[in-house]
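For reference, the structure discussed in these notes is given below.
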Number of protein chains: 4
Amino acid sequence: MYFHIDPKKNVPLYEQIIQQVKEMVAKGILQPGEKLPSVRELSSRIVINPNTVSKAYQELERQEVIVTIRGRGTFINEDVIQAKDPKKTEAIRQTLKQTVIDSHYAGIDKKTIMEWVEEFDRELRGDRE
Amino acid sequence: MYFHIDPKKNVPLYEQIIQQVKEMVAKGILQPGEKLPSVRELSSRIVINPNTVSKAYQELERQEVIVTIRGRGTFINEDVIQAKDPKKTEAIRQTLKQTVIDSHYAGIDKKTIMEWVEEFDRELRGDRE
Amino acid sequence: MYFHIDPKKNVPLYEQIIQQVKEMVAKGILQPGEKLPSVRELSSRIVINPNTVSKAYQELERQEVIVTIRGRGTFINEDVIQAKDPKKTEAIRQTLKQTVIDSHYAGIDKKTIMEWVEEFDRELRGDRE
Amino acid sequence: MYFHIDPKKNVPLYEQIIQQVKEMVAKGILQPGEKLPSVRELSSRIVINPNTVSKAYQELERQEVIVTIRGRGTFINEDVIQAKDPKKTEAIRQTLKQTVIDSHYAGIDKKTIMEWVEEFDRELRGDRE
DNA sequence: GTGGTCTAGACCACA
DNA sequence: GTGGTCTAGACCACC
């Protein structure tokens, strides 16, 4: 369970933590019920301010990816929610549209995009379902 | 040639302009050599600070999507560059990966993603190639 | 006499115990003079730290809901106090106000709130008075 | 548009801000589209750290009570959402239940509770609908 | 030990 | 000017 945080990216640090936890959960690297490192531990491990880790954990809890139990720690939620939120869906659609346009300018063809989607999807679902 | 700018989105205004110009060029709505509205005209039309439009145009010129000819105006570049920049490619790959993960949490399956990619790609290339 | 403790709730564990004891007393499920399980017994039954149970009992005793007789155990107080504490009254008023506001945002109308109050009140008083 | 923040309450400062904004919006004191004081202004006005105000505003935006426009400020949302979230509804029900129980111990009868609900509800809806 | 809140002060992107 | 992010360091409630 490794975190790769890059302060040089323009993605906020707390957002990078969120993304990586969600990725690890989706891939099954983090199992439901499993304990996450404490705020203090993770913050010292990736050399970052505890508040930043805390912010990431709170957002993850809001998204129901993790649950925090007072005085005990934070844990991966037992049942991962897959709520169909129309707004969220539209946001993803727009991001994807922009990605396709950007790919066009970067000389990446549709076939490559399709292969990448296959690859990422396989990483998430292929090995367990 | 219509712009849909939404200040409520968390995408910066200048970025929204950039995206829409690039989309219109990629779709062929804006043809090479075609003249863009002046900074002042566009800024008054979409009710936005001229500096913001100016920033968007500067960035578009840096990306070689448009060219500015002093005293004449700004125009769509004659040949759209499709440079294969490894950094840009990797950035797109990462964005796509995150989109696939987000889709997983939003309950959007691979099939839907694939269809969307098809749809967006068709909009860009289908009608002219 | 069952306890339903949920560590995932953001209500502290000791507070959940307090609330449930008070509810059972108010409903008549726990009768005046009745013996409560010992700290050790209850803590092992609901799988919780004994200190947490102890804290709940101490607070219940402070509120004169229960009394502890050294060497004999803890018991429901013979006469439930209904002291009119202006501070407490104001606190309840404020909580209720916030609940009405939250209901407004949650799309719950006044009628529903009234029905719920009726329902909860009936559970407390209806069956015995 | 006055804020009454009391650091002595055990309700977090940022939560007090959230509650008061929601109350003012529900009462019509703050109209849709109206601008809220900037983070810096409000923080200096109620003598509180800007980060605390910022946290309150971000949570209010998440709840779609306000919208923030980059570089311009924060505004009351044009259409107040009244989403029926079962979890939220259940949480309100539980809070109300606890309030009724607490009222029982405080010697407050059902009639008083009903009157208070009437009073608070009138403040929210009575004057405009 | 755990996470939650708050302060003070800094820097940055955006308009 | 606006809000967003991050750091450093403190205090508190809970378990």
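Here the structure is a predicted model, which is why all the values come from computation and not from measurement. Worth knowing before you read on, the calculation uses all heavy atoms, side chains too, and leaves out hydrogens, waters and symmetry mates. A, B, ... follow the sequence lines: proteins, then strands. Residue 1 opens every chain.
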Quick check on Arg40(C): does its CZ atom have over 12 non-hydrogen neighbours (other residues, nucleotides or ligands) under 6.0 Å away?
no
Check this for me: does any side-chain nitrogen of one of Glu59(C) and Lys55(C) sit under 4.0 Å from a carboxylate oxygen of the other?
no
Between Glu90(D) and Gln94(D), do the side chains contain a donor N or O and an acceptor N or O under 3.5 Å apart?
yes
Does one side chain, of Gln63(C) or Lys22(C), offer a donor that lies under 3.5 Å from an acceptor on the other?
yes
More 5' along DNA chain F: Glu15(A) or Leu13(C), using each one's nearest nucleotide?
Glu15(A)
Expressed as a whole number of angstroms, how long is the span from [X]:[atom1] to [N]:[atom2]?
| X | N | atom1 | atom2 | result |
| --- | --- | --- | --- | --- |
| Lys8(C) | dG3(E) | NZ | P | 17 Å |
| Asn10(B) | dA15(E) | CG | P | 11 Å |
| Arg70(A) | dG1(E) | CZ | P | 19 Å |
| Lys9(D) | dT5(E) | NZ | P | 16 Å |
| Arg62(D) | dG4(F) | CZ | C1' | 17 Å |
| Ile5(B) | dC14(E) | CD1 | P | 15 Å |
| Arg72(A) | dG4(E) | CZ | P | 15 Å |
| Asp6(A) | dC6(F) | CG | P | 12 Å |

Does the Asn77(A) side chain pair with the main chain of Glu64(A), one donor and one acceptor, at a distance under 3.5 Å?
yes
Watson-Crick or G-U wobble mate for dG1(F), both contacts under 3.5 Å:
dC14(E)
Note: for Gly71(D) and Pro12(D) on DNA chain E, the residue whose nearest nucleotide lies more 5' is Pro12(D)
[X] side chain near [N] phosphate (N/O to OP1/OP2, under 4.0 Å):
| X | N | result |
| --- | --- | --- |
| Gln58(D) | dG3(F) | no |
| Tyr14(C) | dC15(F) | no |
| Ser38(A) | dT2(E) | yes |
| Ser54(D) | dG4(F) | yes |
| Lys55(A) | dC6(F) | no |

Could you check whether Ile69(A) gets within reach of a base, just the sugar-phosphate, or nothing at all, counting any heavy atom under 4.0 Å?
nothing
Using side-chain heavy atoms (C-beta onward) and a distance below 4.5 Å, is Arg70(D) in contact with Leu13(B)?
no
Kindly indicate whether the side chain of Val47(A), heavy atoms from C-beta on, has any atom under 4.5 Å from the side chain of Ile5(A).
no
Heavy atom of residues 40-52 of chain A under 4.0 Å from DNA chain E: which residues?
Arg40(A), Asn51(A)
